[in-house]
Amino acid sequence: MPEEANPGGATEPQKPEETSAQSGGGEPSPPPNEAAPTAPAPSPTPPIEAPAPAAKAPAPAAAKAAVAAAAKPAAPAAPKAPAVMQTTPWEGELVEDLKEEFGERIKEYCTYAGQNFLVSEPGAVIPIIEYLKLEQNFDYLVDITAVDYPAKPERFELIWVLYSFERNQRIRIKTRVKDGEKAVSCVRVHLTADWLEREVYDMFGVEFEGHPNMTRILLPEGWCGFPLRKDKSITDMDNRWVRENVGIESGQ
Amino acid sequence: MAETFLDSTELVLNMGPQHPSTHGVLRVIVKLDGEKVTGTECVIGYLHRGVEKIAENRTYAMFAPYVDRMDYVAAVSNGLGYCLAVERLISCEVPERAQAVRVILTELNRIASHLVWLGTHALDIGALTPLFYCLREREDILNIFEKYCGARLTTHAFRIGGLQYETYEGFEQECLEFCDRLAPRVDEYEELLTENRIWKERLIDVGILNAEDCKAYGVTGPMLRSAGVKWDLRKAQPYSGYEKYDFEIPTRTNGDCYDRYIVRVQEMRQSARIVRQGVGMLAAGPIMGKVAKVLKPPMGEAYVSIEAPKGELGYYIVSDASTQPYRVRVRPPSFINLQSVDKMARGSLVADLIAVIGTIDIVLGEVDR
């Protein structure tokens with residue numbers, strides 16, 4: 001499969017280019033800016049393809065201009081091109097209750113795209129989930145997942161999605177942990193966390209303290225590495241496993 | 001201590017991954033005391049393809065066909081969930097005509113999914129005939145899909161922002177005719193099964209999961225409704241215009257295998273009802289919303305979920321303002337519902353374990369992703 005040739009790490013280096021093209025590229029922007037509305041037709045093709053070949057194709061001198069022009073048609077879709085998520089503060093009765101109960105331990109209350117979430121310190125997550133379940137009727141743990149940001153010191157963002165049948169309301173709890181730092185398991189609060197936490201461990205290598213069976217769930221036991229981390233190539237993981245366990249060279 | 005051969009000690013039995021009644025490559029390690037199940041452990045991942053990783057190396061539009069390969073029995077629902085999640089990120093409005101077509105196809109797919117479930121589950125229990133009946137009706141649905149988008153199973157029927165294809169000539173008529181045909185045929189299945197003594201003995205009071213346990217295990221969909229919780233995302237948090245449709249949420253109270261059967265059969269009838277209304281709502285109009293050619297959602301994230309045939313199917317997408325999603329998380333109903341199998345099967349007989357696995361309605365493509 002071709003995507004393995006462009007492993008997870010490939011999305012990361014893209015980011016600086018992305019931001020510099022929009023914020024740092026202030027000098028070359030005026031001419032393409034005028035060109036963009038008049039001649040949008042030829043430009044859409046390059047960015048649809050993988051970014052690397054698109055940049056290679058033109059002559060080196062023209063490359064920068066071509067990339068800048070190619071990046072332009074996307075600009076009208078996000079004219080501000082903000083580097084951070086444009087959240088608005090989340091307010092309400094529930095927020096007041098949480099503030100009273102947890103105070104400084106919850107750092108932010110945000111709304112984005114009509115969805116509410118809070119950011120807490122890692123140690124407070126399980127008490128919050130427990131409080132929400134027992135006092136606020138958030139009795140259904142929808143999902144637990146993680147996102148890897150290798151450039152940040154606390155690289156893993158963990159996300160819990162909660163729902164309340166009575167309120168018909170969904171919220172997310174987020175926290176950040178360092179590589180090697182353990183999160184706390186919430187299996188004793190919500191049984192469904194069992195497999196969900198195992199999957200996070202399987203894919204990201206974040207362990208949950210207090211989990212009854214912190215083992216891999218989808219990948220084989222002898223697998224090395226955590227595929228959803230951004231910095232490791234999954235091709236290597238796959239080749240290695242196939243060589244060791246099947247005794248042939250992987251076709252990837 | 002064991003004195004005779006029959007009075008033996010505990011036995012560990014390995015069921016699957018190649019086993020007809022595990023509905024794919026599910027492996028269950030069963031601990032048995034005679035015929036009684038004293039514990040189970042599911043071994044999954046045989047079908048793991050790293051869908052979430054693939055998403056990170058695809059543009060938003062390019063990833064859309066992949067989601068069909070998760071729950072391949074209900075590919076249309078998968079596609080709808082994904083499109084809705086991306087549309088939320090780019091704040092895109094889908095035209096009404098596209099929404100109505102989406103609802104029609106999704107509900108047809110729900111019927112198809114339930115038909116596959118009913119046929120295979122009945123086969124597990126020992127009733128061979130319903131399988132042929134169910135697949136006959138499913139064929140009609142797949143024909144509609146094929147005429148609409150060229151594919152029968154992994155349809156990729158929707159696009160981010162609306163639809164790629166206009167409906168074909170006679171689409172409305174065929175949908176209505178199918179609904180007309182379906183009702184008497186569902187009666188036929190029920191004639192074969194609902195009051196069938198063997199069917200009832202095999203399913204009633206087997207694999208009970210009450211409302212409290214359902215919530216504790218995060219179990220959703222028909223399983224939750226069969227335990228008496230009247231909760232359906234189409235009603236609770238309507239999407240794609242479901243608030244305009246008039247339909248009921250079938251529920252039962254016991255939460256056993258038989259109730260799950262009844263709930264799914266009634267859901268098929270309700271889905272046919274929705275399809276009829278959907279055809280009535282098909283007014284002329286555009287089928288594609290405003291979507292940029294190069295899709296770059298602003299920095300942000302969204303969790304969007306729909307009522308798939310198996311339960312709550314959610315997509316959590318994180319955008320870093322580039323053309324490819326930074327992270328796509330799929331919340332698969334099959335995976336989470338399957339977790340409750342130990343709770344349901346413990347203390348029952350081996351044969352009941354088969355019934356329990358059957359009524360969870362898992363698709364291993366979705367469990368393993």
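Being a predicted model, the structure only gives us computed values, none of them experimental. So you know, we letter chains A, B, ... as the sequences are listed, proteins then strands, and number each from 1. Note that these values count all heavy atoms, side chains included, but never hydrogens, waters or copies made by symmetry.
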State, without any angle test, whether W231(B) and Y140(A) hold a side-chain donor-acceptor pair at a distance under 3.5 Å. no

Need one label for R172(A): side chain, backbone, both or neither, based on atoms under 4.5 Å from any heavy atom in chain B. side chain

Which answer fits Q339(B), side chain, backbone, both or neither, if we ask what part of it has an atom under 4.5 Å from a heavy atom of chain A? both

Measure T220(B) against the heavy atoms of chain A and call it side chain, backbone, both or neither at under 4.5 Å. side chain

Heavy-atom pairs under 4.5 Å with chain A - which of K215(B), R331(B), H48(B) has more of them than the others? R331(B)

For chain A, which of Q237(B), R329(B), K343(B) has the most heavy-atom pairs under 4.5 Å? R329(B)

Is I336(B) in contact with chain A via its backbone, its side chain, both, or neither, using a 4.5 Å heavy-atom distance? side chain

Examine whether an atom of S319(B) lies under 4.5 Å from a heavy atom of chain A, and if so say whether it belongs to the side chain, the backbone or both; otherwise answer neither. neither

What part of V147(A) lies closer than 4.5 angstrom to a heavy atom of chain B: side chain, backbone, both or neither? both

Out of V367(B), L338(B), L295(B), which one racks up the most heavy-atom pairs below 4.5 Å with chain A? L338(B)

Chain B contact via V189(A) - side chain, backbone, both or neither, heavy atoms under 4.5 Å: neither

Do I159(A) and Y303(B) touch side chain to side chain, with heavy atoms closer than 4.5 Å? no

Heavy-atom distances under 4.5 Å only: say whether I217(A) touches chain B with side chain, backbone, both or neither. both

Would you check if Y316(B) and T145(A) make a side-chain contact, meaning some heavy-atom pair closer than 4.5 Å? yes

Between K290(B), E301(B), E52(B), which shows the greatest number of heavy-atom pairs under 4.5 Å with chain A? E301(B)

Would you call R170(A) and E312(B) a salt bridge, using N to O less than 4.0 angstrom? yes

